[in-house]
Amino acid sequence: MTAVAVPLEHVLFVAAVLFLIGFVGVLVRRNVIFLLMSLEIMMNACGLAFVAAGARWGQPDGQIMFMLILALAAAEVAVALALVLQLERRFASLDIDTASELNG
Amino acid sequence: MGVELILFYVAAAVAVAAAALVVTRLNASHALIYLVVSLLAIAVMFYLLGAPFAAALEVVIYAGAIVVLFLFVVMMLNLGRRTVERERRWLEPRGWIGPAILAAILFVEMMYAIVGNAVPTASEGVGPKAVGIALFQEYLLAVELAAILLLAALVGAYHLGRRYLSDRREEDAA
């Protein structure tokens with residue numbers, strides 16, 4: 001298995017750009033579904049940085065961290081989408097601001 | 001510059017462009033399609049970085065399972081033209097230009113921190129065997145914790161979703 005010798009800082013550059021796109025999405029969007037998608041982009045950027053660092057040192061740790069991120073993302077999406085259904089059910093809206101009325 | 005290096009940069013450009021399109025779309029289904037494209041491009045990058053196992057997991061779990069879950073929920077919510085109009089109202093420039101500028105400043109700072117030590121990534125990849133051995137020896141505890149997290153998420157999602165479904169059933173019966 002041969003890999004391409006991409007300069008590490010270029011990969012980190014791509015990861016940073018992806019992370020910032022997701023970050024701006026989280027700040028800007030008000031629809032919960034788009035917020036969750038932006039979170040997915042951010043987590044993917046983290047995974048890319050981990051895998052690139054693992055490739056840099058030739059160690060499997062980076063890919064293992066990516067797998068843990070994957071498990072985290074799966075768990076987060078399952079719970080968050082169930083919450084989205086509840087939000088739509090109770091407020092008939094996907095606006096994240098309506099959830100500020102939640103209590104108890 | 002080898003053809004594989006060019007492939008990497010093309011995949012990176014596709015991933016970034018698709019991610020930008022995800023964030024700016026008005027229709028959730030269209031955004032999901034772009035999200036799949038972005039994830040597949042990242043999988044190509046993983047493969048070229050010498051991580052074929054991570055690439056396979058990216059395609060199977062992220063693009064295959066997580067995005068499909070999103071798609072199910074978007075279809076259940078039945079978002080129509082009404083929501084597209086509302087998204088257009090919400091996405092006015094005065095709403096997004098401030099966060100975008102601040103994020104760009106953070107990005108410049110981060111680049112300043114990274115730039116200056118260009119080291120190439122290793123020329124030989126890390127195969128699935130090495131990953132598996134490390135995963136079930138050094139990281140066994142992390143695997144167990146991930147299993148507990150997934151179980152908790154399963155129970156939580158079932159609990160939250162079950163009430164949604166039972167409410168709906170009562171509504172249908174009434």
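Here the structure is a predicted model, which is why all the values come from computation and not from measurement. Each chain gets a letter, A, B and so on, in the order its sequence line appears, and its residues count up from 1.
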Enter the distance from [X]:[atom1] to [Y]:[atom2] here, rounded to the nearest 0.5 Å.
X	Y	atom1	atom2	result
B/Leu26	A/Arg29	CG	CZ	6.5 Å
B/Tyr62	A/Ile69	OH	CD1	7.5 Å
A/Ile21	B/Ser38	CD1	OG	8.0 Å

With a 4.5 angstrom heavy-atom cut-off, could you sort out which part of [X] is near chain B: side chain, backbone, both or neither?
X	value
A/Gln59	backbone
A/Leu35	neither
A/Met42	neither
A/Leu68	side chain

Pick from [options]: which one has the most heavy-atom pairs with chain B under 4.5 Å?
options	answer
A/Leu70, A/Val26, A/Val14, A/Ile41	A/Leu70
A/Val79, A/Leu18, A/Leu72, A/Asn44	A/Asn44
A/Ile64, A/Val24, A/Leu48	A/Ile64

*Quick one: does A/Gln63's side chain have a donor or acceptor within less than 3.5 Å of a partner on B/Val126's backbone?*
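Yes, A/Gln63 side chain to B/Val126 backbone: donor-acceptor pair under 3.5 Å.
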
_Using a 3.5 Å distance criterion without hydrogens, assess whether the side chain of A/Glu88 forms a donor-acceptor pair with backbone atoms of B/Leu77._
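Answer holds: no.
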
*Are B/Val60 and A/Val77 connected in the hydrophobic side-chain network, where two residues link if heavy atoms are under 4.5 Å apart?*
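In one cluster: yes.
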
*Linking I/L/V/M/F/W/Y whenever their side-chain heavy atoms sit closer than 4.5 Å, directly or via other members, would A/Ile33 and B/Met75 fall into one cluster?*
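Hydrophobic grouping puts A/Ile33 with B/Met75.
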
*Heavy-atom pair of closest approach, residues A/Ala82 and B/Ala157*: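 Answer, listing the atom of A/Ala82 first, then B/Ala157: CB-O, 3.9 Å.
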
_Considering all heavy atoms, the nearest B/Phe107-A/Ala16 contact_ =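 Heavy atoms only, the tightest pair is CE1-CB, 3.9 Å.
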
Side chain, backbone, both or neither: which part of [X] has an atom under 4.5 Å from a heavy atom of chain A?
X	value
B/Leu32	both
B/Leu35	side chain
B/Phe70	both
B/Leu57	both

*May I ask you to check whether B/Phe46 and A/Phe66 place their ring centers less than 6.0 Å from one another?*
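Between B/Phe46 and A/Phe66, the centre distance is under 6.0 Å.
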
*asked:* Determine whether the aromatic ring centres of residues B/Phe8 and A/His10 are separated by less than 6.0 angstrom.
replied: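 So the answer is no for these two rings.
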
Could you tell me if the side chain of [Y] sits less than 4.5 Å from the side chain of [X], heavy atoms only?
X	Y	result
A/Met37	B/Tyr34	no
A/Arg56	B/Leu49	no
B/Val23	A/Val28	no

*Would you check, one step at a time, whether the test side-chain contact (heavy atoms from CB on, under 4.5 Å) holds for A/Leu85 with B/Val73?*
CA-CA 8 Å; A/Leu85 290 181; B/Val73 170; 4.0 Å; yes

_Could you walk me through whether B/Leu69 and A/Leu81 satisfy the side-chain contact (heavy atoms from CB on, under 4.5 Å) test, starting with their C-alpha distance in whole Å, then the side-chain angles of each, then the deciding distance to 0.1 Å, before giving a yes or no?_
CA-CA 8 Å; B/Leu69 200 61; A/Leu81 286 177; 3.8 Å; yes

*After noting the C-alpha distance and the side-chain angles of B/Val131 and A/Met67, does the key distance pass the side-chain contact (heavy atoms from CB on, under 4.5 Å) rule?*
CA-CA 10 Å; B/Val131 176; A/Met67 277 176 221; 3.3 Å; yes

*Do other residues, nucleotides or ligands put more than 12 heavy atoms under 6.0 Å from the CZ atom of A/Phe23?*
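For A/Phe23, atom CZ is not crowded (no more than 12 foreign heavy atoms under 6.0 Å).
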
